[in-house]
Every structure is written in structure tokens, then in C-alpha cells.
Protein chains: 4
Amino acid sequence: MPRPRSDEKRIALLEAATRIIVTQGLSAPTAGIAKEAGVPNGSLFTYFETKTELLNQLYLELKSEMAGTALKGLPAKAEPRERFFRVWRNWTNWAVTFPEKRQVLAQLSVSGEITAQSRADGHKMMANLAELADRSRANGPMRKAPLGFVLAIMNSVAEATMDYMTQDSTNAKKHCKEGFDALWRMVE
Amino acid sequence: MPRPRSDEKRIALLEAATRIIVTQGLSAPTAGIAKEAGVPNGSLFTYFETKTELLNQLYLELKSEMAGTALKGLPAKAEPRERFFRVWRNWTNWAVTFPEKRQVLAQLSVSGEITAQSRADGHKMMANLAELADRSRANGPMRKAPLGFVLAIMNSVAEATMDYMTQDSTNAKKHCKEGFDALWRMVE
Amino acid sequence: MPRPRSDEKRIALLEAATRIIVTQGLSAPTAGIAKEAGVPNGSLFTYFETKTELLNQLYLELKSEMAGTALKGLPAKAEPRERFFRVWRNWTNWAVTFPEKRQVLAQLSVSGEITAQSRADGHKMMANLAELADRSRANGPMRKAPLGFVLAIMNSVAEATMDYMTQDSTNAKKHCKEGFDALWRMVE
Amino acid sequence: MPRPRSDEKRIALLEAATRIIVTQGLSAPTAGIAKEAGVPNGSLFTYFETKTELLNQLYLELKSEMAGTALKGLPAKAEPRERFFRVWRNWTNWAVTFPEKRQVLAQLSVSGEITAQSRADGHKMMANLAELADRSRANGPMRKAPLGFVLAIMNSVAEATMDYMTQDSTNAKKHCKEGFDALWRMVE
DNA sequence: GATGAATGAGGCTTCATTCAT
DNA sequence: GATGAATGAAGCCTCATTCAT
């Protein structure tokens, strides 16, 4: 299938999918997504061969946006802790700003719809973040632990922090800092 | 004095559901679950009014089993750290021993099928664990953070640890310890 | 410019429904109706959102056809009695010609499936007939009775007449006249 | 199947059926009827072999009650008109007093569930009424019309009258009289 | 007999995907 | 390409009836 002329509808569909999936779950009908996007139901399939394909692209899109946002404006020269905190703040803020996106990403991640390839691609997008984490723990107590493990923990603390920031958004900033400090205590 | 409702079938259905959902996801047909349980499809509905009801009961069952296992054999008198580690070990071991149960629990947790009531009931089952966590952080750096936040982090580190233990099960014991130490560094 | 929705299928479905309902009642499966109409079962639902919707539309269709037939070719200028008789003849003939339609209409009318809206719409279709009745009784013994009552009686005598015409169709014409005369005696 | 010991439950079931069918239609589940009657669902089938059987007996029961009420206290010696009016009043009053019974009887009558035998039995119950009608028209304009036809018309006018009495129950008595007068004008 | 759990065929409806226009 | 009607397999759930206790 040739690439469709404009990306407009593709993006409209992806955004609509996010909105619909938040409320209806992954089993939301493609027709509903198309309608929400203001696109005829049949056309969805000229942009995405199958529903699974749409879901995988959505996964990548969200992951990419998340990673991009986290790493945006990262100062090239600064203390590791400072650099890491910058990323942490961007990252968690993204989640608080777009809770639906985070939720959908979570749903997609546990679902069986995402292919190994997509997961691998998704991980690549987090590569810079991983590198940052790797350096941060270089002299700390987890210096000998497998990087994957450290990343997993970092990710999970981030998730918990995001949850709490979203839940109690008036103190979001404070929770953001607390989460970071806790993480730092673990690795450094 | 009619045939009494058999608890066996109820359990068979719940276990079958776990097995089926691991491979097919939450959208697995009820007929498939019934078949796997060796029960006629219509009978599923004499034990669970709807599929959603089945899912909610499964959630509670798994949560309850997980909490029960974690707290089993907890020595009444011991150092907090020791007590907590005992729980941690039980908990993560359960996840490694029954990866399907954990996976299904994860799917259920993010799905929209679980009612607020079920979630509340599920939380209650973790109450003892929560208390333990509360005491552990009493003199540490997170002593002023909201308990919910501490629990969320604890939970997320546990998740990461379980993931890693499952993935690299030869070193499961080591990862279990590492995860715990990381957590302890955060709170104490 | 997709395939336009075919009115043919809609009508085929309505006619099939009539045929099926006569023999199987209102509980006739939609699949059976679709099959009888030579249409795939799923397609029934592109023409009628639900079975109830199909039933309501069928009700209206039949009512409309009945009213239309009754009033067809009504001479603008003629004695009231003459005009009324014309209608009466058309009306009862329709019932004798299409006994299945009448029977289905009867089933629908007593069933709980027909909405108040549909009933109201159905009544409107009989408005001209009602007007005719109203004029006919204007100088008779029922001139002071509520119009609704007169209409109900008229309708019920018509029903009885139709029954008898159908049952003993060789004398249909005679019964038609007798029914009309009886009715006329009542109102004029 | 041997006759069950007591008629209590049988009657409870029949009455429950009436109540349930009014609101849910003839497709009401037997389990619902049993529950409404305070009888275990399985027991329904010791009183009625099948659902159809229950429906037929209900039909007969209602028909019998209706006829019985109509003919109750009929003065042996009185003018035909007077006698007939007595019956008419009883009959229509019954319908106004028990609108659910009438409605259910109507539903049953048009449904395909009632056997020819039941219908025949039902007609027999109206025999006295038929005889009355026959005498009433003996010298009137319908003296040569088939008795069946006259009965049908009588029945249908009664139906219309009942409808109107129920609808506008404050003037029930008046409508009762009006209906009767209209009928009388037709036959006498 | 009384009870209510058990059964499995079948009903209505949904939906991803295709395809006529 | 764009559109939305068409398709039919499949899903959840219902229910009359049977039967173990």
C-alpha cells in the first residue's frame, strides 16, 4: 500500500484512538475511532492495514513522544545529577500533562497486541535515557547490577511517581522531587 | 436438596481463566475458558453472572493469594528489616513461581473491567503489607512522604524486581536481594 | 461514492419479516428473517439497528399501507355514506387480500415492542379515516360520544368484519356490506 | 404426571404468570414466573409439563373467569335486553377491574401458543353468552346473518368499550352504557 | 415430591475487514 | 483514492427443561 498523501488523517486517527481507548479500552471498535477522527470508517484501513498495526504505531508514537519530551533541552554540560533530574522532570511532567497518553501506553504495553519488533523499537527510543541512567549509577551501590535491572527499577519508580503526581496534582512538583530523590538514593 | 453448587467448578473456572488469559488476553472467549475448565459453556454463568464478574473475582482471588503468600509465616518478633525482607522474598517468589498469575493480575489491573469496589477490596488485602512498609520508613528519609506514595514506590520496585527475577531466573535470588536493598536504601 | 444503501433490501427484509412472523410469531429469529430475505444475517442490522426497530418499522409500514389502501380513490364529492362505504370496502378488502399482513399487524399491536411514538405515528396515518368517521356520526346517536370511542368501535367492527370475510371468503362481499350496515346503524 | 397434591402453587403460578406477562410479554422466562410465585423454578414443571401448557391453562383460566363473571347473577326471568345488559355490565366491569388479565388474555389469543383445542374449550365457556346474543338479534336486522358474525361483532364492540372504559375510567359507567346502546342498535 | 444447579442450543448483536461505486 | 455499505464469523448471554440430591 502506497504511503497516503498527507499525514493529517493518520495523526487524527492516532489521536482519536488515544481518546477512545482511554474510555473504552483496547477493544474499542475501529469504526468508533474513525468517527472520532472525523474519518470514514473504511479509510482507517488505508492508513493502517489492520487494527493491530494501528495499535503498534500508536505505541511507537506515544513512546517516541514520551522519550522526546523527556530528553528535550537537555544541557550538554552539567552535573550528571542535574542532567538526570532535568530528564526526570520532563518525563514525569509529560505524564501529568497527558494522563490519557500515559494510560493508553500502559494498556498497550501489557496487551498482547504489541509485537516484539515494536517493543524493541520502543526501547531504542529510550536509549539516551538508558545511557544517562548507566552513568548515574557508575559509582553507586548498583554499579554491578545489570543495567536492565537498574532501568527497570528506574522506570518503575517513575511510574509510581507519575501516579502520585497525577493523583495529587497540587503537590505534583513536590512528589516529582521526592521520587527523584528516592531514586537517587538507590543508585548513587 | 438439589445438587449443591460445586466450589470445584468455580475454582476450575478461575484457574482455567488464568491459563487462557495468559495466552489470549482478556478478550478470551468465555466459551474457551469453560472448555478449558471442562465445564459446559452455559455453566460458567451459573458461577459468574457475567464475564466482568468472573474477571473481578479472578482479580480478587489472585490479589488475595498474592497477599496471603507474601505474609505467610511472618515471624512476630524480629527486626523490621528482617520481617520486611521475609515478606519481600515471599512476595517476589510467588511472582516467579506463578508468572502467569502475575501477568494476568497485571492485565486485570490496567483493564477497565475491574470495579472501584474490587480495587478497594484488593487494597484491603494488602493492608498488613502496608503497615509493615509504614513502620519501615518511620525513621528514614521518606518519613514525611505520604504513605500511599511510599507504597506505590515499594510496589513498583517489587514489580521491577519480579520482572528481572523472572527474566533471569538463574539469578533470581540475587536480584531479589538487590531489589530489596535498593528499596531499603530509599526508605531507611 | 460508496455503494448506496439499497431500498430493495430494506423492503425485502420487511416483507420477509411479515412472512416469517405469520408462521413463527414475533419471536422469530432475525437470522431466519434475513435468510428469507436472501440477505446475510449481519446486513439486517445495517438496515435496522435492532430487532425492535425492525418491528416498529414494519408496524408503521403495514399501518401506512393499510391506511393508504383504504383511502385510495376516495371520491371528493359524494354522500358521506357513499364515501365511507368506499373506504370501508377498500379497508376490509385489503385485510382479506393480505391476511398475513393483517395478522402481523395485530401481533405487533398487542406486543410490547411497539413504542408510544410508533403508535402515535400510526394513528396519524389514520387521521383522514378518523375525520370521515367524525363527520358520519355528526347527526347520529353517537354525536356526543368522544370521537376516540367512536373510532375504537368502528375499528373493532371492522376487525370483526375482516375476520368473517377472511374465514368465509366466498361471501366476503356480503359480510363486508353487513358489517358496514351494522356500523352505520350504530352511528347514523 | 400425577395431579399435584394442592392447587395452591398451581394458582400462584398462574397468577404470577399474569403479572409477569403484563410487563414482560409472553417471552417472559419461566424462572421469572416461578420466582414471582415464590416457587422454585424447577417446580413449575411439576405443575405444568411445558411452558406452552402453562400458557394454555392460563388462557382457559382467564377465559373461564371472564365468562363466569359475565354470567354471574343473571336473572332467569327478565327482558332479553335487560338480561343482556346485565351480562354486558359484568363483562366490561371485569375487564376494567382486572386490566392485566384482559391484556394477557389478548396476548395469548393472538399468539401461536394456544392450541385449537384450547380455543374450542374457550369458546364453549362463552356458550351461554352466545345464546343470549342469538336471542337478542332474533327479530332484528341481523337475524339472518351468521351467528358467528354477530358474535364477532359483539365481541369486538365489547373490546372497544372495555378499552375506553379503562382509558377513561371516571366515565366508565357511561361508556359501558354507550357501548351497549351502540351494540343494541346494531342487532335489535 | 421438592429443589435449584446443570445443560447446550440458539438468539441478538458486534466488528474487522473488504469492496462496489 | 475515498467512501460507507456489506459481510459472516464469533461473542456473550438466556432459557426451557432435566436431573442429582
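Chain A is the first sequence line, chain B the second, and so forth, proteins listed ahead of strands; every chain is numbered from 1.
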(Q) Using heavy-atom distances to pick each residue's nearest nucleotide on DNA chain E, tell me which of C:Thr52 and B:Asn41 is more 5'. (A) B:Asn41
Q. Using purine N1 to pyrimidine N3 plus N6-O4 or O6-N4 for Watson-Crick, or N1-O2 and O6-N3 for G-U wobble, both under 3.5 Å, which nucleotide pairs with E:dA20?
A. F:dT3
Q | Proximity to the side chain of B:Phe45 - top-ranked nucleotide from F:dT17, F:dC13, E:dC15 | A | F:dC13
Q: May I have the distance from B:Glu53 (atom CD) to F:dC13 (atom C1'), rounded to whole angstrom?
A: 14 Å
Q.
With a 4.0 Å limit, can you tell me whether C:Tyr47 has a side-chain N or O closer than that to the phosphate oxygens OP1/OP2 of F:dA6?
A. yes
Q | Nearest listed nucleotide, side chain of C:Pro29, among E:dA2, F:dT17, E:dC12 | A | E:dC12
Q: Calculate the interatomic distance between C:Lys35 atom NZ and E:dG11 atom P; express it in whole Å.
A: 12 Å
Q: Using atom CG of A:Leu13 as one end and atom C1' of F:dA2 as the other, report the distance to the nearest whole Å.
A: 13 Å
Q. Hey, which of these two, A:Val39 or C:Thr46, hits DNA chain F nearer its 5' end, going by closest nucleotide?
A. A:Val39
Q) Any side-chain N or O of B:Lys9 under 4.0 Å from OP1/OP2 of E:dT7? A) yes
Q: Tell me which of B:Ser27 and D:Leu26 sits closer to the 5' end of DNA chain F, going by the nucleotide each one is nearest to.
A: B:Ser27
Q) C:Leu54 CG to E:dG11 C1': how many Å, rounded? A) 15 Å
Q. When we call it a touch if two heavy atoms are under 4.0 Å apart, what does C:Ala34 touch: a base, just sugar-phosphate, or nothing?
A. nothing
Q) Is there a donor-acceptor contact under 3.5 Å linking the side chains of B:Glu61 and B:Gln57? A) no
**Q.** Separation of E:dA16 C1' from A:Leu44 CG (nearest whole Å)
**A.** 10 Å
Q: Between F:dC12, F:dA16, F:dG4, spot the one nearest the side chain of A:Pro40, thanks.
A: F:dG4
**Q.** B:Tyr59 (side chain) donor-acceptor with B:Val104 (main chain) under 3.5 angstrom
**A.** no
(Q) Please report the distance, rounded to the nearest Å, between CD1 in C:Ile20 and P in E:dC12. (A) 12 Å
Q: Using a strict 4.0 Å threshold on nitrogen-to-oxygen distance, state whether A:Glu100 and A:Arg19 make a salt bridge.
A: no
**Q.** Closest-nucleotide 5' rank along DNA chain E - winner of A:Thr30 and B:Ser6
**A.** B:Ser6
